[in-house]
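Report on one structure; see the data block that follows.
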Amino acid sequence: MKLHGNIITGKWNGNKYKVIGLLGKGGTGRVYKVLDMKSDSYYALKVSEDIQSITKESNMLNKFKHIGAIPKYIELDDYKEGGKTYYFIVIEYIKGENLREYIAKNDLSVRELVAVVIIIGEMISKLHEKGFVFSDLKLENVMMDRENGKIRVIDLGGIVPIGASIKEFTPLYDRAKWNMGSRRADTKYDLFAISMMLVNLIFENESTLSNMSIQDIMYELKRKKIDKGLIE
C-alpha cells in the first residue's frame, strides 16, 4: 500500500490528511507523517486493516494520556481504498529519532546509556502502577523528542493488563525466547526487555546478539569490562 502524496479523508470525522512520508512499519500497520489539511499541522498517522489493533491502541492512548511520555491522541477514523477498509489513528508527531537512530549518531558512554535506560524504566513503572505491562519495548519504540528534550514511548498496541497473555512482542526482547520466563504479563517481563535494550546498545550488533545465549552475553559483558554493578 503506497500512500505517499495521497490524501486520506476520514469517513466519520471528515478530516483530510496529506501523506508526507513513511515513518515506520510493524506487524500490524504503518505509520506516516501527515499534514492536516485544515489546521496545517503535522501529525503521525498509523493505518492498518486490523480494527482490533487500531482500536486497542486508541484506547490505550486515551487511558494513559496523563503520562507525559505518551504521544497526544488526536482521533480515530477509517477510510476506503481499492474496495478495502483501512482504520487509522492520528497522534502527535514527534520531531526526533528513535533510540536506535539516536545512538547511531551520538557516541554515548555506558553510564550515559544506563541513564537513558533508567529514565525509560521510570516511565514504564507508571504503567505498572496502573496494573499494565507495555510488553513490546524495543529501541524502535522509544523516541528522542528533540523539540521538547524528552524521551517518549510509542506504539502502545501491545499494552496488556498484568496477568494477561503477551500478544505483541519482539523476539530479541522477549524473555520466553531466551528461556528466562513466560509470556504472561508481569512487571518483570518489561524489566527483562529494558535490560535487553541496554545490552543491545552496548553490543551495537543485533544480529550477533540474537545468536548468543544469556550466558554468552554475561561473559561478553564481563570481557568488555562493564562495571560489575551494572550487569548483576
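Quick note: residue numbers are just sequence positions, from 1. Note that the structure is predicted; figures quoted are calculated from it, not measured.
A salt bridge is absent between E92 and K72; no separation between the charged side-chain nitrogens and carboxylate oxygens falls under 4.0 Å.
In summary, the aromatic rings of Y79 and Y86 are positioned with their centroids under 6.0 Å apart. Annotation: Y17 is not in aromatic contact with Y32 [ring centroid separation under 6.0 Å not met].
Under the 3.5 Å distance criterion, with hydrogens and angles disregarded, a donor-acceptor pair is assigned to the side chains of R184 and S165. There is a side-chain donor-acceptor pair under 3.5 Å between N148 and D145. No donor-acceptor contact under 3.5 angstrom links the side chains of N98 and E140, judged on distance only.
Under the 4.5 Å side-chain heavy-atom criterion for Ile, Leu, Val, Met, Phe, Trp and Tyr, I166 and V153 are members of distinct hydrophobic clusters. The hydrophobic cluster containing I54 also contains M60, counting ILVMFWY residues as joined when their side-chain heavy atoms lie under 4.5 angstrom apart, directly or transitively. Cluster annotation: L137 is connected to V114 through the hydrophobic network of ILVMFWY side chains, with a link wherever side-chain heavy atoms come within less than 4.5 Å.
Geometrically, K65 does not engage Y73 in a cation-pi contact defined by less than 6.0 Å to the ring centre and at most 45° from the axis. Cation-pi geometry between R175 and Y189 is not satisfied (NZ or CZ under 6.0 Å from the ring centre, within 45° of the ring normal).
Counting heavy atoms of neighbouring residues, nucleotides and ligands inside a 6.0 Å radius, atom NZ of K63 does not exceed 12 of them.
Without hydrogens or angle criteria, S210 side chain to S207 main chain gives a donor-acceptor distance under 3.5 Å.
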